[in-house]
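Written out below as structure tokens is the structure these notes cover.
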Amino acid sequence: MRSILRKLLKGEISVEEAERAIESAQLKLDRVRFDILREKRTGFPEAVFAPGKSDEDIINIIKTVGDVIVTRLSPERAERIMDGLDPGDDYTADYHETARVLAVRSGKPERLGRIGILSGGTSDIPVAEEARVVAEESGCEVLTAYDVGVAGIHRLLEPLQDMLESDVKVLIVVAGMEGALPSVVAGLVDVPVIGVPASVGYGVGEGGFTALNSMLQSCSPGIGVVNIDNGFGAAVLAVKILRAFAGD
């Protein structure tokens, strides 16, 4: 869509040709029903959840739409998809292996502000990295501190203080096991905290449901909770909060 509009602005195609190209692009996407107007409507573009879609589907979406964030993409699939693309002047594509995110963009986003991301343990880092990449691709400056969970609470205080002194507006806190870290953080700060339960644990904590219930039941006010392992959703919420700050 963006490439079509660029060609129109450069005078390379007529208005009628642009209309036909857009109609054709929409038809090409009928198989996956891609929501090309979501960014205009909601302020955030639709992302592509890789599982359940073929490599060809994802390649066609990227080539047709332009700016796309592809989540939960394995390194093997990312390599095949990157080979099927032709990044150049129109767009760039970067794969972030730990986050399992492929970011395709045609320009730099407007700068929004700072957020902080904390994780309880190293096993939570992939979810935290998904949040980081999505937030940075949306224009946020992100400060991170990983492996600062309640098993060694002394590790939390210095990075948390640094984040607050750096004027972060939102904190994303990822934790598995019993999911206690967001409650601790929310009891220490005056900014919104987004809790992300991670599917890290064993026994009754297996699958992340104990962490989810713990965050929902927190007695520390000011916590919003997203679904298990939903780093993407946490980043989108943080971005919308920053945009609300910017609109004040």
Side-chain angles (χ1 to χ4, degrees), residues 39 44-53 55 57-59 61-62 65-85 87 91-106 108-109 111-149 159 163 168 170-176 179 181-182 193-201 207-208 211-212 225-242:
E39 183 169 12
F44 203 90
E46 182 176 357
V48 177
F49 182 66
K53 297 180 180 66
D55 295 349
D57 284 338
I58 295 172
I59 290 170
I61 289 170
I62 293 171
V65 178
D67 291 13
V68 176
I69 293 176
V70 184
T71 64
R72 303 302 164 92
L73 188 65
S74 68
E76 296 77 19
R77 294 193 66 193
E79 185 175 355
R80 293 196 301 268
I81 290 168
M82 296 277 280
D83 288 341
L85 298 175
Y91 66 90
T92 59
D94 293 305
Y95 179 64
H96 304 265
E97 184 171 345
T98 302
R100 297 176 293 167
V101 170
L102 174 64
V104 181
R105 60 195 173 281
S106 57
K108 293 183 178 180
R111 305 307 298 176
L112 289 176
R114 293 190 184 95
I115 69 169
I117 301 179
L118 305 161
S119 82
T122 54
S123 297
D124 307 319
I125 289 176
V127 178
E129 279 291 284
E130 180 180 84
R132 178 190 66 80
V133 172
V134 172
E136 287 182 342
E137 290 296 328
S138 304
C140 299
E141 180 182 348
V142 182
L143 306 181
T144 62
Y146 299 155
D147 198 21
V148 293
M163 288 180 181
V168 298
V170 189
L171 288 167
I172 295 174
V173 185
V174 184
L181 185 60
V193 173
I194 302 170
V196 187
S199 56
V200 175
L212 172 62
V225 183
V226 298
N227 208 346
I228 297 168
D229 290 340
N230 192 8
F232 171 80
V236 173
L237 179 55
V239 167
K240 290 193 171 189
I241 292 173
L242 281 184

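Values in this document were obtained by computation on a predicted structure and should not be read as measured data. The figures that follow rest on heavy atoms only: side chains count, while hydrogens, waters and symmetry mates do not.
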### Query
Do Leu73 and Tyr95 pass the side chain to side chain contact (heavy atoms under 4.5 Å, CB included) test, and can you show the C-alpha distance, the side-chain angles, and the key distance before you say yes or no?
CA-CA 9 Å; Leu73 188 65; Tyr95 179 64; 4.2 Å; yes
### Task
Could you walk me through whether Thr71 and Ile69 pass the side chain to side chain contact (heavy atoms under 4.5 Å, CB included) test, one step at a time?
CA-CA 6 Å; Thr71 64; Ile69 293 176; 4.0 Å; yes
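- How far CG of Asp67 is from OG1 of Thr92: 8.5 Å, rounded to the nearest 0.5 Å.
- Contact annotation: the side chain of His96 never approaches that of Glu130 to less than 4.5 Å [non-hydrogen atoms, C-beta and beyond].
- Shortest non-hydrogen contact noted between Val133 and Ala99 is CG2-CB, 3.9 Å.
- By the 4.0 Å N-to-carboxylate-O rule, Arg111 lies too far from Glu141 to be salt-bridged with it.
- Looking at Val101 and Phe232, their side chains never come closer than 4.5 Å, going by heavy atoms from C-beta outward.
- Residue pairs meeting the side chain to side chain donor-acceptor pair (under 3.5 Å) criterion with at least one partner in residues 226-239, sequence neighbours excluded, are Ser199-Asp229.
- A pairwise comparison of heavy atoms in Val104 and Ala93 identifies CG2-CB, 4.0 Å as the closest pair.
- Summarising the geometry of Ala135 relative to Ala235, their closest heavy-atom pair is N-CB, 3.9 Å, with the distance given to 0.1 Å.
- Between Val68 and Ile61, the closest side-chain pair of non-hydrogen atoms falls below 4.5 Å.
- Heavy-atom minimum distance, Pro197 versus Val226: CD-O, 3.3 Å.
- At least one donor-acceptor pair closer than 3.5 Å links the side chain of Arg77 to the backbone N or O of Ala50.
- Salt-bridge formation is detected for the pair Glu136/Arg132: a Lys NZ or Arg NE/NH1/NH2 atom is positioned less than 4.0 Å from an Asp or Glu carboxylate oxygen.
- Between Cys140 and Leu112, the shortest heavy-atom contact is SG-CD1, 4.2 Å.
- With contacts defined as side-chain heavy-atom distances shorter than 4.5 Å, the pair Leu102/Ile81 qualifies.
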### Task
Could you go through the side chain to side chain contact (heavy atoms under 4.5 Å, CB included) check for Leu171 and Ile115 one step at a time?
CA-CA 6 Å; Leu171 288 167; Ile115 69 169; over 6 Å; no
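- To the nearest 0.5 Å, the span separating CD1 on Ile172 from OG on Ser119 amounts to 12.0 Å.
- A salt bridge links Arg80 with Asp55; the closest basic N to acidic carboxylate O contact falls under 4.0 Å.
- The structure places NZ of Lys240 at 11.0 Å from OG of Ser138, a figure rounded to the nearest 0.5 Å.
- Under 4.0 Å is where a charged nitrogen must lie from a carboxylate oxygen, and between Glu129 and Arg100 no such pair does.
- Looking only at side-chain heavy atoms (C-beta outward), Val173 and Ile194 stay at 4.5 Å or farther from each other.
- One distance of note links OG1 of Thr144 with CG of Leu118; it measures 9.0 Å at 0.5 Å rounding.
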### Task
Might you work through the side chain to side chain contact (heavy atoms under 4.5 Å, CB included) test for Ile58 and Val70, ending with a clear yes or no?
CA-CA 8 Å; Ile58 295 172; Val70 184; 4.0 Å; yes
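- Of all the heavy atoms in Gly176 and Asp124, the pair that sits closest is N-OD1, 3.4 Å.
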